[in-house]
Novice: 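Here you go, one structure.
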Amino acid sequence: MTPDEARARAAEALRRHWDGALPVAMAGGGGDACLFSAKGPRGAVVVKVWADGDRALRQARQQRQVARAMTEGRFRVPRVRFVDQELQALGMVRVNGRSFSSLWPEDQAGLAEAAGGWLAAFHGLTRRDCAFDPTGQVNWLDRLVAAGAEGQRYIADFTEFQRAAQAVRNMAPELHGLPSVSAVTHRDMTLSNLILGMDGRVWGIDFENRREDEPLRDLFTLALDMLTPGGDEEQVATLVMSYGDRRTAPKVRSFLQCCFCLWVKANTPPAPSLRQSRRLQMADQLLRSDHPVI
């Protein structure tokens with residue numbers, strides 16, 4: 001999908017659903033999706049256009065549900081204004097504010113506290129206590145190692161990856177039944193997907209996932225984002241304290257952090273961007289850490 005094709009789709013979606021307002025390209029988006037803003041008689045909207053698939057409908061379903069549940073207090077989700085499955089376009093309320101990624105690392109403590117609070121509110125909609133079972137993570141690691149060994153997947157420094165994966169597997173037997181939690185997760189929880197509104201409210205965006213997973217995955221990706229562009233573990237500690245998970249056992253936290261670090265390593269491409277390289281370096285550092293930052 002070229003930028004011109006995306007703009008044409010956004011314009012048609014606005015003609016159909018938002019009084020013909022004209023789209024203006026926004027910073028952000030990319031890859032298989034583009035973002036546009038527009039202002040019509042009924043207010044300002046952000047239009048997200050996908051290249052293909054049914055992602056507009058998937059995000060609309062999840063975002064509508066979460067937005068209805070997070071309509072009061074400081075932590076919010078923008079309402080869906082329209083969805084056009086034919087055009088793969090989604091319109092949502094435009095929030096007057098700035099993304100956390102554009103504000104970071106200014107006011108780190110304030111942003112870390114707000115990020116942890118928003119994530120706790122989001123996970124709190126579906127959060128449930130459970131006994132931990134590492135079987136899924138171990139099987140996933142086995143598949144990754146097999147794919148790397150057979151040349152089906154690129155993994156940098158594969159010998160070291162195998163060694164680390166085995167060390168993580170060795171942690172698993174003593175974790176069965178320890179206290180843990182489960183929730184429907186975001187799965188792309190980065191600073192760019194949180195917005196600080198001009199009124200002080202915190203808004204989360206970019207919803208598609210509807211499945212339960214390890215909530216600490218979202219906490220980890222936020223922590224990694226904070227550590228990579230100039231933060232430190234003190235700010236991550238603020239994030240974790242604000243998030244407030246006092247249920248998950250420390251040994252489970254350590255195990256999951258190692259799994260998430262290996263996930264970063266396995267998903268770093270052969271020619272990484274600067275951001276990807278920095279995240280990989282931080283994942284390597286956290287993998288060697290004696291204590292979990294999450």
Side-chain angles (χ1 to χ4, degrees), residues 119 129-183 185-190 211-228 231-237 239-241 243 245-273 275-294:
L119 190 58
D129 293 348
C130 62
F132 188 66
D133 182 357
T135 304
Q137 285 82 4
V138 171
N139 291 341
W140 166 77
L141 279 174
D142 289 342
R143 290 194 297 270
L144 275 183
V145 170
E150 294 168 6
Q152 298 175 356
R153 187 186 191 103
Y154 169 81
I155 300 178
D157 196 0
F158 181 63
T159 300
E160 174 58 24
F161 183 90
Q162 284 181 298
R163 185 207 62 77
Q166 184 58 53
V168 173
R169 283 195 206 94
N170 293 342
M171 299 166 65
E174 62 178 304
L175 303 179
H176 285 273
L178 291 181
S180 184
V181 295
S182 185
T185 58
H186 187 283
R187 293 191 69 85
D188 190 21
M189 193 70 265
T190 62
R211 296 179 299 170
E212 280 194 353
D213 193 5
E214 303 293 344
L216 289 183
R217 181 190 300 275
D218 285 344
L219 192 67
F220 173 83
T221 54
L222 263 180
L224 187 65
D225 228 22
M226 290 179 178
L227 289 168
T228 302
D232 56 39
E233 289 195 14
E234 181 178 347
Q235 307 313 325
V236 173
L239 168 73
V240 172
M241 183 176 298
Y243 180 68
D245 173 18
R246 296 174 179 82
R247 161 78 179 176
T248 306
K251 289 183 178 180
V252 173
R253 293 175 185 271
S254 293
F255 173 80
L256 288 175
Q257 178 167 296
C258 289
C259 289
F260 301 151
C261 288
L262 290 173
W263 167 75
V264 172
K265 290 173 69 67
N267 284 280
T268 301
S273 65
R275 180 174 183 269
Q276 289 168 333
S277 294
R278 288 173 173 171
R279 288 167 69 87
L280 177 60
Q281 292 171 4
M282 183 54 63
D284 281 331
Q285 181 178 323
L286 293 175
L287 192 59
R288 297 190 297 269
S289 177
D290 292 331
H291 68 281
V293 297
I294 56 173

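In this text, all values refer to a predicted model and were calculated from it rather than measured experimentally. Index from 1, following the sequence.
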Novice: Count the heavy atoms belonging to other residues, nucleotides or ligands that lie under 6.0 Å from CD of Gln152, then report whether that count exceeds 12.
Specialist: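 Enclosed.
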Novice: For a quick check under 3.5 Å, do Ser182 and Glu212 share a side-chain donor-acceptor pair by atom type?
Specialist: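 There is such a pair (donor and acceptor under 3.5 Å, judged by atom type) between the side chains of Ser182 and Glu212.
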Novice: Quick check: does any side chain N or O of Arg253 sit under 3.5 Å from a backbone N or O of Ile294, one acting as donor and the other as acceptor?
Specialist: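 Pair found, side chain donor or acceptor close to backbone of Ile294.
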Novice: Going through the distances and angles, do Leu216 and Thr248 end up as a side-chain contact (heavy atoms from CB on, under 4.5 Å)?
Specialist: CA-CA 9 Å; Leu216 289 183; Thr248 306; 4.0 Å; yes
Novice: Is the backbone N or O of Val181 less than 3.5 Å from a side-chain atom of Arg247, with the two atoms forming a donor-acceptor pair by type?
Specialist: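 No, Arg247 side chain to Val181 backbone: no donor-acceptor pair under 3.5 Å.
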Novice: Kindly compute the distance separating CE (Met282) from CG (Asp225), expressed to the nearest 0.5 Å.
Specialist: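 It is 11.5 Å, given to the nearest 0.5 Å.
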Novice: Give the minimum heavy-atom separation between Leu262 and Phe161, together with the two atoms involved.
Specialist: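 Residues Leu262 and Phe161, closest heavy atoms: O-CE1, 3.5 Å.
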Novice: For the CG atom of Asp133 and the CG atom of Leu175, what is their distance to the nearest 0.5 Å?
Specialist: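 Between Asp133 CG and Leu175 CG, I get 10.0 Å after rounding to 0.5 Å.
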Novice: Looking at every non-hydrogen atom in both residues, tell me the closest pair between Val145 and Ala165 and how far apart they are.
Specialist: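 For Val145 versus Ala165, the nearest heavy atoms are CG2-CB, 3.9 Å.
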Novice: Salt bridge between Glu214 and Arg217, side-chain N to carboxylate O under 4.0 Å?
Specialist: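 Salt bridge: no.
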Novice: Which distance, rounded to the nearest 0.5 Å, do you find between the CG of Asp157 and the CD of Gln162?
Specialist: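 Between Asp157 CG and Gln162 CD, I get 10.0 Å after rounding to 0.5 Å.
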Novice: I want to check something: taking the side chain as every heavy atom from C-beta on, are Leu222 and Thr190 in contact at a cut-off of under 4.5 Å?
Specialist: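 No; the side chains remain at least 4.5 Å from each other.
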Novice: On the 0 to 90° scale, with breaks at 30° and 60°, tag the Phe260-Phe220 ring pair as parallel, tilted or perpendicular.
Specialist: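 Tilted.
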Novice: Using a 4.5 Å cut-off on heavy atoms from C-beta on, say whether the side chain of Val236 contacts that of Leu227.
Specialist: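 In contact.
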Novice: Specify the closest pair of heavy atoms between Val252 and Pro179, including all atoms of both residues, with the distance to one decimal.
Specialist: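 Heavy atoms only, the tightest pair is CG2-O, 4.2 Å.
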Novice: Could you check whether any side-chain N or O of Thr221 sits under 3.5 Å from a backbone N or O of Met189, counting only pairs where one atom can act as donor and the other as acceptor?
Specialist: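 The answer is yes, because a donor-acceptor pair under 3.5 Å joins these two groups.
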Novice: How many angstroms lie between atom SG of Cys261 and atom CG of Leu256, to the nearest 0.5 angstrom?
Specialist: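 Result: 11.0 Å between the selected atoms.
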Novice: Do His291 and Glu233 have side-chain heavy atoms sitting under 4.5 Å apart?
Specialist: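 His291 vs Glu233: side chains touch.
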Novice: Provide the closest heavy-atom pair for Ile155 versus Gly148 in the form atom of the first, atom of the second, distance.
Specialist: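 That closest heavy-atom pairing would be CD1-CA, 4.4 Å.
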Novice: On a heavy-atom basis, which atom in Ala266 and which in Leu144 lie closest, and how many Å separate them?
Specialist: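 So the two residues come closest at CB-CD1, 3.8 Å.
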Novice: Measure the spacing between CZ of Arg169 and CG of Asp142 and express it to the nearest 0.5 Å.
Specialist: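 Atom-to-atom, Arg169:CZ and Asp142:CG are 4.5 Å apart.
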Novice: Can you find a heavy atom in the side chain of His176 that is under 4.5 Å from one in the side chain of Phe132?
Specialist: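 Contact flag for His176/Phe132 side chains = no.
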Novice: Please round to the nearest 0.5 Å and tell me the distance separating atom CG of Leu287 and atom CD of Gln257.
Specialist: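 Leu287 CG to Gln257 CD: 8.5 Å, rounded to 0.5 Å.
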Novice: For atom CZ of Arg278, decide whether the heavy atoms of other residues, nucleotides or ligands shown that lie under 6.0 angstrom number more than 12.
Specialist: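 Counting other residues, nucleotides and ligands, CZ of Arg278 stays at 12 neighbours or fewer.
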Novice: Side chains of Pro215 and Tyr243: does their closest heavy-atom pair fall under 4.5 Å?
Specialist: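 They are in contact (side-chain heavy atoms under 4.5 Å apart), so the answer is yes.
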Novice: Can you name the closest pair of heavy atoms from Pro134 and Ala172 and give their distance?
Specialist: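 Between these two residues, the closest heavy atoms are CG-O, 3.6 Å.
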Novice: Salt bridge or not for Arg187 and Asp218, using N-O below 4.0 Å?
Specialist: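 No salt bridge links Arg187 with Asp218.
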Novice: Can Asn267 and Arg153 be counted as having a side-chain donor-acceptor contact under 3.5 angstrom?
Specialist: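 Result is yes, a qualifying pair exists.
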